[in-house]
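By convention here, the first residue in the shown sequence is residue 1. Just so we're clear, the structure is a prediction, and the values are computed from it rather than from any experiment. Side chains are part of it too, since the values below use all heavy atoms of this structure and drop only hydrogens, waters and symmetry mates.
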Amino acid sequence: MVTVAPTSRNISPVPEPALPKKLDAGALFVLKSRGSWLHCGYHLTTAIVAPALLSLPFALALLGWEGGVVVLVLAGVVTFYSYNLLSLVLEHYAYLGRRHLRFRDMAHDILGPGWGRYYVGPLQLGSCYGAVIACTLLGGQSLKFIYLLARPNGSMQLSHFIVIFGSFTLILAQIPSFHSLRHINLVSLILCFAYCACTTAGAIYIGNSNKAPPKNYSLTGIGINRLFGFFNAISIICTTYGNGIIPEIQATIAEPVKGKMLKGLLVCYTVVISNYFSVGISGYWAFGNQVQSSVLQNFKVNSNPLLPKWFLLITNGFTVLQVAACTLVYLQPSNVVLERRFANPEKGQLSLRNFVPRLISRSLSVIIATTFAAMLPFFGDIMALFGAFGCIPLDFILPMIFYNLTFKPSKKGFVFWVNTVIGVVSTGLSLIGAVASVRQIILDARTYRLFADM
């Protein structure tokens, strides 16, 4: 995958004078550059391998065996290649003395100030904050699942569990810097293996038992519905591989940065390959086209668990803890903005002058996200639209543009045309995915109700 793109060793740029750095509290306090390539791997894994991967069997059901596996493989290859290109661009500018710590900094330097301020910056911030809302909703749903295992006729509603999860996140959100999350994200990596192993084992057990539904792998829907199902499945798979904060993760690496991001990506994609394919294939094999949007929903039929309650409790417990770590990672771009606005870089990070604004601003950020998650439990439909407009441009389109504009590969060369084709195809998928998402929102609109107990 990485041999397609030339490495920055093959490029001999003429160093330009390093620009003087202006003190920026967001970069100074949140994006501390003290980590190793291994820490980078932890951050990458938590950002990419989230419980959203439990929807992969559903995506495979919309595409069928051949199409599903092909798209799953292609999305993995393209995202690895894309993230590697982005890291090469970041390493190049670090070599020139202009290290970029944020996505908007890259866009500012490569595309121009307007692109960074008015397009890439807001796009990334909106996508990541949307991911925070979606993770909060998912955490609440997992807590409710655990509650209903213990009390099937319990009266607590989804919004109550979202508030509980949000309160837990509010406490953890006060951790001062991205680098400070390295130990939490190591635990998150272990939890990824844990709940994916439980999910895979549970699916195989049910699939081999008489409790499994009849296995039917035929594609559902006809005509336009099937077509939109294809594109919806592609969007789901692309979103599960999505990241959107590669520059911020690379910013946590101590200098020199050369080659460290690639090692971190190899750590991450070891986890990705083992977990994505095991969960996706086992879930689709066990439940066929009857698989739900989250395969864990298939582990219960009419509120009756198909597996021992303790097993489901452990699986969902692992999921809750890992999605909490994922929430913290996607809070970092908004933390950078808040710190830049309210903190004083001349004072210490833990000084009273900076501690109080941080406590208030981050708490309000989590409270707002929790409120939206409780108010819009159908946020998954909206997140699909965000994914089309945010995830695909940030992860599939902009890295190709940044690389071509930075290194200017020959227009007759292989690399230029690979990047161009990926960018053009991804743009088309983004537009079609947006149309499919809007269509799904319209179809589901009649069931929407604020603070619904779903």
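In this structure, Ser430 contributes its side chain and Ser426 its backbone to no donor-acceptor pair below 3.5 Å. Side-chain atoms of Asn354 come within 3.5 Å of backbone N or O of Gly348 as a donor-acceptor pair. Remark: the backbone N or O of Leu306 is paired with a side-chain donor or acceptor of Lys211 at under 3.5 angstrom. Side-chain atoms of His160 come within 3.5 Å of backbone atoms of Gln157 as a donor-acceptor pair (strictly under, hydrogens ignored). Looking at Tyr147, its side chain does come within 3.5 Å of a backbone N or O of Ser155 through a donor-acceptor pair. Panel note: side chain Ser177, backbone Ser180; a donor-acceptor pair is recorded below 3.5 Å. Remark: the backbone N or O of Ile204 is paired with a side-chain donor or acceptor of Asn208 at under 3.5 angstrom.
Ring planes of His39 and His183: perpendicular class, angle over 60° (limits at 30 and 60°).
Here the CZ-OH distance, from Arg104 to Tyr118, works out to 9.5 Å after rounding to the nearest 0.5 Å. To the nearest 0.5 Å, atom CH2 of residue Trp310 and atom CG of residue Leu149 are 13.0 Å apart. Interatomic distance, Ile249 CD1 to Cys268 SG, rounded to the nearest 0.5 Å: 8.0 Å. We find the CZ-CG distance between Arg99 and Leu31 to be 9.5 Å, quoted to the nearest 0.5 Å. Once rounded to the nearest 0.5 Å, the distance linking CZ of Arg340 with CG of Asp24 reads 4.5 Å. To the nearest 0.5 Å, atom OG1 of residue Thr319 and atom CD of residue Gln141 are 11.5 Å apart.
Counting heavy atoms from C-beta on, the side chains of Gln250 and Ile253 come closer than 4.5 Å. Met106 places none of its side-chain heavy atoms less than 4.5 Å from the side chain of Leu398. For the pair Ile245 and Phe103, the minimum side-chain heavy-atom distance is 4.5 Å or more. Phe165 is not listed as a side-chain neighbour of Ser142, based on a closest heavy-atom distance of 4.5 Å or more. Side-chain contact check for Ser188 versus Gln322: some heavy-atom pair is nearer than 4.5 Å. With a 4.5 Å cut-off on side-chain heavy atoms, His43 and Val329 do not count as touching.
When all heavy atoms of Ile48 and Tyr269 are compared, the pair lying nearest together is CD1-CE1, 4.3 Å. Among all heavy-atom pairs drawn from Ile422 and Val78, the shortest one is CG2-CG1, 3.9 Å. The minimum heavy-atom distance between Leu28 and Pro345, with the atom names listed, is CD2-O, 3.8 Å. The two residues Asn185 and Ala325 make their nearest non-hydrogen contact at OD1-CB, 4.1 Å. Nearest heavy-atom pair across Pro176 and Gln349 is CB-NE2, 3.3 Å. Of all heavy-atom pairs spanning Ala233 and Leu62, the tightest one is CB-CB, 3.7 Å.
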Q. Can Met261 and Ile246 be said to form a side-chain contact (heavy atoms from CB on, under 4.5 Å), step by step?
A. CA-CA 9 Å; Met261 191 67 168; Ile246 290 291; 3.5 Å; yes
(Q) One pair to check against side-chain contact (heavy atoms from CB on, under 4.5 Å): Phe287 and Ile206. What are the steps and the verdict? (A) CA-CA 9 Å; Phe287 304 107; Ile206 295 173; 3.8 Å; yes
Q: Show the numbers, then the answer: is there a side-chain contact (heavy atoms from CB on, under 4.5 Å) between Leu312 and Phe145?
A: CA-CA 9 Å; Leu312 295 176; Phe145 188 97; 4.2 Å; yes
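For the salt bridge (charged side-chain N to carboxylate O under 4.0 Å, His left out) test, residues two or more places apart in sequence or in another chain that qualify with Arg358 are Glu339. With sequence neighbours left out, Phe318 forms a side chain to side chain contact (heavy atoms under 4.5 Å, CB included) with Leu191, Ala194, Tyr195, Cys198, Ile314. Considering only residues two or more places apart in sequence or on other chains, Val132 meets the side chain to side chain contact (heavy atoms under 4.5 Å, CB included) condition with Thr136, Thr327, Tyr330, Leu331, Ala369.
Aromatic ring centres of Phe80 and Tyr241: separated by at least 6.0 Å.
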